Amino acid sequence: MAYNVSKDPRTDIRERAYVPELLRGLAITTKHFFRNLFGTRDTNVRVEDRTGTSLMTTVQYPEEKQIYPEGYRGLHRLVPREDGKPRCVACYMCATICPAQCIYIEAGEYEETSAEGESRVIEKFPTQFVIDELRCIVCGLCVDACPKDAIRMDTYTHTPPEYTRQNFVYDIPKLLKGPAVSHPSDPWNKREGSEEPHHAHKEAHTRIGEGLVELKLPQHGGGHGGHGKAAPVAQTGGHGGQTVVTQQGPIQVTKFLK
């Protein structure tokens, strides 16, 4: 029942005792209590879209479980290759970029006489790959830094509880899970063995001290703002090596072998 509020609250005993407002608050609380107690509850996972008479929004776990969003970063996993081995090549990129320093890797190399070394064109593999889930801050930088798509956080699961801290340290058998992943750009999909290809190697290799080559310098002749200066001339030394004559004198030049 509405009542007129006095202009001076100090003269009204009802407002000084706060009785009307207390009764109004208790009435609202009682109404919501009986509505949630006897009303029907909508179990829609999106709380804002529920239309039932009950206004309860608490998820009744474990009968109800909240659906994770598409971009949720769950527990780590190592992605396997088609042969069951991890795609990791022990490049230390994830361990280097991790701000919590929770990743530890030890690398090993394939033996030249082993079948794995002959069938794979990768040099290293992880002998140990350990993640301390207690130190992880779930930033996802390890996933972004990995060049081989070897680590993912798409399990959509929380780190399960354990009784000891050591059980939160995940090694390769505990991390290696999920379906195998293969990309056309993987080197082991380009050729069967690791033998040298038949085509000529096009990557330039630098070797210091194996002869001298001519250094190509810009021409200072006419036509492009030159002042009539002659271009430096390359001369050949007396011992079969080549030298380049510049204004500062003869200099040695690195030889590029292709």
Side-chain angles (χ1 to χ4, degrees), residues 65-162 164-205:
K65 293 183 179 180
Q66 191 66 266
I67 297 178
Y68 294 118
E70 185 177 356
Y72 172 75
R73 294 178 181 142
L75 197 63
H76 301 85
R77 75 178 179 97
L78 282 178
V79 181
R81 299 197 303 251
E82 294 179 353
D83 57 358
K85 297 182 177 63
R87 292 179 56 89
C88 177
V89 294
C91 66
Y92 296 92
M93 291 288 289
C94 57
T96 302
I97 202 172
C98 178
Q101 297 297 310
C102 65
I103 302 177
Y104 174 77
I105 302 175
E106 286 187 4
E109 295 184 1
Y110 288 108
E111 298 292 339
E112 297 180 357
T113 58
S114 64
E116 295 175 346
E118 294 176 0
S119 61
R120 298 299 173 189
V121 292
I122 56 179
E123 297 180 358
K124 297 189 299 182
F125 66 96
T127 58
Q128 289 191 26
F129 193 103
V130 177
I131 298 180
D132 190 350
E133 296 294 343
L134 288 179
R135 299 186 62 180
C136 177
I137 60 174
V138 201
C139 63
L141 291 177
C142 56
V143 180
D144 297 336
C146 181
K148 294 297 182 181
D149 190 20
I151 183 172
R152 293 185 181 182
M153 300 178 69
D154 57 355
T155 56
Y156 292 96
T157 57
H158 287 289
T159 304
E162 300 286 352
T164 60
R165 299 179 67 91
Q166 185 61 29
N167 291 338
F168 287 98
V169 180
Y170 284 44
D171 54 1
I172 294 179
K174 215 170 182 179
L175 291 170
L176 191 61
K177 61 180 68 174
V181 175
S182 179
H183 298 290
S185 59
D186 292 337
W188 50 83
N189 291 331
K190 293 184 178 180
R191 61 180 187 267
E192 297 181 355
S194 59
E195 66 275 0
E196 186 178 355
H198 298 291
H199 60 80
H201 204 294
K202 297 182 179 180
E203 183 181 357
H205 295 273

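Keep in mind the model is a prediction, meaning the values are calculated, not measured.
- Remark: Arg87 CZ to Leu176 CG distance equals 12.0 Å, nearest 0.5 Å.
- Between Val143 and Ile151, the shortest heavy-atom contact is CG1-O, 3.7 Å.
- Of the residues Lys174, Glu133, Arg152, Met153, the one that meets the side-chain contact (heavy atoms from CB on, under 4.5 Å) test with Leu75 is Glu133.
- Checked against side-chain hydrogen bond (donor to acceptor under 3.5 Å, both in side chains), Thr159 has no partners two or more places apart in sequence or in another chain.
- Closest of all the heavy-atom pairs between Phe168 and Pro160 is CE2-O, 3.5 Å.
- Residues in residues 91-104 take part in these side-chain hydrogen bond (donor to acceptor under 3.5 Å, both in side chains) pairs, two or more places apart or across chains: Tyr104-Glu106.
- In this structure, Cys88 SG and Leu175 CG are separated by 10.5 Å, a value rounded to the nearest 0.5 Å.
- For the residue pair Pro69 and Tyr156, the shortest heavy atom distance occurs at O-CE2, 3.4 Å.
- Counting all heavy atoms, side chain and backbone alike, Ala100 lies closest to Ile137 at CB-CG2, 4.3 Å.
- Of all non-hydrogen atoms in Pro80 and Pro179, the two that sit nearest each other are CD-O, 3.6 Å.
- Taking all atoms of both residues into account, the shortest heavy-atom contact from Arg81 to Ala180 is O-CB, 3.3 Å.
- One finds the SG atom of Cys139 at 8.0 Å from the CD1 atom of Ile97 (value rounded to the nearest 0.5 Å).
- Every residue meeting the side chain to side chain contact (heavy atoms under 4.5 Å, CB included) condition with Pro147, not counting sequence neighbours, appears here in chain and number order: Cys91, Met93.
- Interatomic distance, Asp154 CG to Arg77 CZ, rounded to the nearest 0.5 Å: 4.5 Å.
- Residues His76 and Cys142 have side chains in contact (heavy-atom distance under 4.5 Å, counting atoms from C-beta outward).
- Side chain of Lys124 to main chain of Ala90: a donor-acceptor pair is present (N/O by atom type, distance under 3.5 Å, no hydrogens or angles).
- Interatomic distance, CG of Leu134 versus OH of Tyr170, reported as 9.0 Å (0.5 Å rounding).
- Ile103 CD1 to Leu141 CG: the interatomic distance, rounded to the nearest 0.5 Å, is 9.5 Å.
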